[in-house]
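Below you'll find the structure, written out as structure tokens, and then a few comments.
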Amino acid sequence: MRDTDPDILVGFEVQHASCGYLLERSAAIGFPLDRCLSRCPFHRSTLESRPDTYGQQQQSGIHVCGREILNVWRLCRQEIKLGLYNYTNVCAKVLNKRVPSFPPQLLHSWFQHLASPHSLKRQVLLYLLEKASNTLLILEAMELVGRTCELARVFGIDFFSVLSRGSQYRVESMLYRLARTQNFLLLSPSVQQRQSQPATECIPLVMEPQSAFYSSPVCVLDFRSLYPSVVIAYNMCYSTCLGKLVEPDSDGNVKLGVSSLRRAPGLLASVREEAIITPNGMAFLPPDKREGVLPRLLREILQARVAVKKLMKQVGGDVKLYRTLNSRQFGLKLIANVTYGYTSAGFSGRMPCADLADAIVQTGRETLERAIRTVEEGRQWGARVIYGDTDSLFVEIPGRSREEAFRIGREIAAAVTAENPAPMELELEKVYQPSMMVAKKRYVGYSYDSPSSKPVLDAKGIEMVRRDSCPLVMRVQEKALKVLFETKNISKLKSYMEGVFMDIIASNLNINEYVFAKEVRQGTYASSTLPPAATVNATKVLRDPRAGALHAERIPYVVVCGQPGARLVDLVLDPRELLASSGMLRINAQYYITKALIPCLERLLSLFGVDIRRWYLELPRYSRASSRDHASHEGSIRSHFQSMHCILCDQLSRTAVCAECTSLPQVALCTMQNRRGRVERDLARLCRICVSCVGSMRLVTGCDAVDCPVLYDRVKAQQLWEASSRIDWGVNFLEW
DNA sequence: TTCGACTCCTAT
DNA sequence: TCAGATAGGAGTCGAA
């Protein structure tokens with residue numbers, strides 16, 4: 001530290017590990033490490049002052065005077081969307097590199113190992129060295145320092161405030177500088193004033209979508225920066241607001257936001273003709289009388305962004321400059337978008353104004369409603385609005401080609417832009433074909449940027465893009481949609497889904513596919529039963545208090561078999577425990593199929609009138625994975641059976657041990673594989689066959705297999721299979 | 001069985 | 001001390 005005197009200290013996780021651990025450890029032995037790290041040794045250290053709860057939750061809560069401390073996993077959490085933010089997963093996703101992750105206990109035991117002290121000690125040190133260097137590589141790959149510097153420059157705030165402070169701080173930094181030049185001061189309402197402000201009354205328009213499958217092209221149009229445009233176009237600002245169109249009280253005041261406005265008598269009447277009146281009954285001065293601070297700020301931000309984007313096209317091969325400019329235009333976009341939030345920040349706002357926020361929202365809403373009317377009344381387009389949310393419009397163009405849809409979409413955009421004041425602009429963003437509207441904020445489609453471009457599967461709000469399902473569900477839903485959109489054939493989808501069900505029942509999948517991961521906020525839960533991820537974390541804490549989740553850390557868990565009727569929270573487990581149980585615990589196939597997979601696909605497929613639940617129930621080899629006996633026989637041979645029933649004849653099993661060699665039955669491939677047809681193969685994959693005497697089918701069915709009439713009646717087995725596939729959906733069911 | 005509270009996460 | 005907003009869907013669980 002003394003040699004290099006760094007400005008920034010970096011750790012992958014600096015609270016429980018890295019410098020947080022060192023600081024606590026040194027405090028425990030009475031060594032003043034914090035003063036050694038500090039550039040100002042007499043400055044009071046974090047550990048001596050009060051614990052910084054807010055800082056611990058948001059960043060690390062560790063402050064060293066004169067240096068910035070970066071908590072890399074938390075920065076990753078802000079920057080990129082991942083299912084898990086542990087060291088291994090971040091390396092895999094950011095660096096594209098597989099690295100091992102050893103728990104501290106293991107490293108400790110290696111380091112202390114007496115048998116081969118040098119080699120193992122060396123391994124531990126090399127591992128830690130690599131972890132440190134990977135942490136630096138992660139920061140570099142995300143370009144975090146460079147981008148943060150650029151944002152600091154754009155907003156005019158310091159480096160660490162970009163990472164640690166909220167958006168109000170950014171808005172105020174810019175707003176205050178501009179307000180000063182116009183001789184305005186910003187209002188600082190008290191907490192009481194803020195809390196007694198009436199709630200906002202206006203809400204954005206979210207249409208109820210016409211849930212269906214659309215084979216015709218659907219144009220997606222949206223207003224570019226709707227709220228900033230509204231503020232500029234209608235000159236909405238604290239400084240231009242004339243208040244509601246109501247008579248003032250006896251003192252000549254009208255209520256406005258957290259405070260009230262003294263309106264000079266006759267003022268409203270004098271500008272009545274020119275004043276801008278918003279749909280919620282607020283009056284604003286026109287820009288030629290006085291341009292508001294907010295509109296001017298936003299106008300300059302949007303203009304600057306256009307200029308930066310223009311510059312980006314001219315930089316040519318200079319990658320570094322291009323990235324810098326890209327960070328700058330992104331920062332400008334961010335600040336424009338959160339300025340509306342600043343006016344309506346009711347919970348923690350420093351200068352909220354509900355009336356101003358309402359005026360912006362309601363004007364935006366009426367703009368969208370007017371656009372919808374324009375589309376519906378434009379007979380020449382033959383278009384229909386099927387969905388809209390806040391600033392976007394989904395317009396179906398029935399029976400037209402994609403090329404025509406692009407043309408019509410651009411015409412609509414131009415027509416709507418023309419009927420609104422500058423700088424409001426409706427843009428054609430993309431065209432979907434085909435697409436499905438599922439619910440509000442939930443839809444999916446093949447998206448085209450231009451008539452000739454390659455389509456991209458674009459999903460919003462459904463499980464495929466949500467992190468509260470597991471990889472299995474995300475993968476299967478995406479694949480199912482692709483099969484549906486590409487082959488247009490329900491029968492193909494059915495056979496794909498049957499394969500998936502079989503794989504789950506036969507436990508052919510990697511455990512990673514079953515892992516849910518959710519954020520845990522210990523100490524915020526009101527209800528008596530903790531949510532699953534918090535339950536898993538709580539059991540970890542019992543074993544090692546330092547292993548507990550950091551605030552908002554994502555904790556992985558899997559669902560295993562248990563007693564019938566058990567609550568979900570009683571069936572969840574750390575994935576490592578499942579691996580360590582050496583087969584004593586099993587993935588709850590029933591749960592994953594009927595509670596996770598089927599409902600999410602049902603919501604999509606019910607739009608076709610397809611009953612996917614029946615596909616599962618009618619699987620001929622449907623294994624009645626009963627967990628009924630599992631608990632009572634835990635550790636006994638019975639826990640290795642998914643069902644105590646013969647999978648074919650449904651008889652209750654009478655023997656559980658291989659009749660020939662009396663060894664444990666295991667999952668194995670059947671020697672019947674070489675016989676013809678997939679029926680046998682699929683049956684065999686589900687069978688539990690004795691590995692000691694491979695080839696024996698005795699244990700296959702759980703009943704006395706040689707005597708099982710059904711298994712050896714291949715004709716009957718074939719019939720069972722065919723019965724389930726008899727429903728022919730036809731190739732032409734979906735036509736477009 | 002229904003419904004509401006709680007929790008999580010996404011769209012805008 | 002610090003903390004943009006609301007709308008909305010889905011899963012889970014316990015009380016009605």
Side-chain angles (χ1 to χ4, degrees), chain A residues 49-50 52-59 61 63 81 83 160-161 163-172 191 194 199-209 211 220 222-223 225-227 334-354 356-358 360-361 364-365 368 387-393 438-443 458-470 473 516-521 524-535 552 554-555 559 565-572 591 594-596 599-600 602-603:
Chain A
S49 54
R50 278 186 300 113
D52 175 11
T53 324
Y54 177 78
Q56 280 169 19
Q57 289 187 355
Q58 300 303 316
Q59 285 297 324
H63 308 284
K81 187 172 142 186
F160 197 63
S161 294
L163 300 173
S164 63
R165 307 283 303 258
S167 40
Q168 292 202 73
Y169 192 73
R170 302 173 176 190
V171 173
E172 252 170 37
V191 176
R194 187 212 299 154
T200 51
E201 292 165 358
C202 304
I203 52 172
L205 175 66
V206 185
M207 290 172 68
E208 190 61 54
S211 299
V220 181
D222 64 343
F223 283 98
S225 308
L226 178 67
Y227 288 170
L334 274 183
I335 200 77
N337 282 341
V338 296
T339 303
Y340 155 71
Y342 184 81
T343 65
S344 78
F347 170 65
S348 61
R350 290 170 46 83
M351 198 172 74
C353 180
L356 181 57
D358 270 349
I360 298 172
V361 171
R365 184 187 174 112
L368 186 65
Y387 180 57
D389 182 346
T390 313
D391 65 350
S392 61
L393 277 178
V438 186
K440 285 178 174 175
K441 300 181 190 288
R442 264 144 229 251
Y443 53 88
D458 185 26
K460 298 281 162 148
I462 60 174
E463 285 76 0
M464 214 181 100
V465 294
R466 292 180 66 90
R467 292 179 296 176
D468 48 3
S469 60
C470 58
V473 172
F516 290 93
K518 291 184 185 170
E519 282 191 353
V520 170
R521 291 179 189 82
T524 64
Y525 298 110
S527 54
S528 51
T529 49
L530 290 175
T535 310
R554 296 182 76 85
I555 298 294
V559 182
R567 299 175 310 172
L568 178 68
V569 284
D570 300 327
L571 302 177
V572 296
Y591 175 85
T594 61
K595 291 287 170 58
C600 90
E602 212 167 31
R603 280 190 285 276

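Every heavy atom of this structure was used, including side-chain atoms; hydrogens, water molecules and symmetry mates were not. So you know, we letter chains A, B, ... as the sequences are listed, proteins then strands, and number each from 1.
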Would a distance-only check, ignoring hydrogens and angles, find a side-chain to backbone donor-acceptor pair under 3.5 Å from A:Arg365 to A:Ile203? yes
Using the test side-chain hydrogen bond (donor to acceptor under 3.5 Å, both in side chains), find all partners of A:Arg194 that sit at least two apart in sequence or belong to another chain. none
A:Val569 to A:Pro531 - nearest heavy-atom pair and separation: CG1-C, 4.2 Å
Base, backbone or nothing for each nucleotide of nucleotides 6-12 of chain B, written B, S, -, heavy atoms under 4.0 angstrom, 5' to 3'? SSSBSBS
All N/O donor-acceptor pairs, side-chain side in residues 341-351 of chain A, below 3.5 Å, sequence neighbours left out:
from     : atom 1 : to       : atom 2 : distance (Å)
A:Tyr342 : OH     : A:Glu172 : OE2    : 2.5
A:Thr343 : OG1    : A:Tyr340 : O      : 2.6
A:Arg350 : NE     : A:Glu172 : OE1    : 2.8
A:Arg350 : NE     : A:Glu172 : OE2    : 2.8
A:Arg350 : NH2    : A:Glu172 : OE1    : 3.0

Can you check whether A:Ala517's main-chain N or O pairs, donor with acceptor, with A:Arg467's side chain at less than 3.5 Å? no
Separation of C:dT1 C1' from A:Gln58 CD (nearest whole Å): 13 Å
Residue whose closest nucleotide on DNA chain C lies nearer the 5' end, A:Ser348 versus A:Pro204: A:Ser348
Atom-pair distance (CD on A:Glu602; P on C:dA10), nearest Å: 12 Å
Round to the nearest Å and state the distance from A:Arg165 atom CZ to C:dT1 atom C1'. 8 Å
When all nucleic acid strands are considered with a 4.0 Å heavy-atom cut-off, which category describes A:Ser344: base, sugar-phosphate, or nothing? sugar-phosphate
Option from A:Lys441, A:Lys440, A:Lys460 for which side-chain hydrogen bond (donor to acceptor under 3.5 Å, both in side chains) with A:Asp389 holds: A:Lys441
5' priority, DNA chain C, between A:Gly349 and A:Glu208 [closest heavy atom]: A:Gly349
Could you list the residues that satisfy side-chain hydrogen bond (donor to acceptor under 3.5 Å, both in side chains) with A:Ser161, not counting sequence neighbours? A:Asp158
Would you mind reading off the distance between A:Arg350 atom CZ and C:dC2 atom C1', rounded to a whole angstrom? 10 Å
Footprint string (nucleotides 11-16 of chain C, 5' to 3'): B base within contact, S backbone only, - free, heavy atoms under 4.0 Å: SSSS--
Roughly, in whole Å, what's the span from CZ in A:Arg365 to P in C:dA7? 11 Å
Quick one: list whatever passes side-chain hydrogen bond (donor to acceptor under 3.5 Å, both in side chains) with A:Asp570, sequence neighbours left out. A:Arg567
For the pair made of CD in A:Glu172 and P in C:dC2, what is the distance, rounded to whole Å? 11 Å
Looking at OH of A:Tyr525 and OG1 of A:Thr535, how far apart are the two atoms once the value is rounded to the nearest 0.5 Å? 9.0 Å
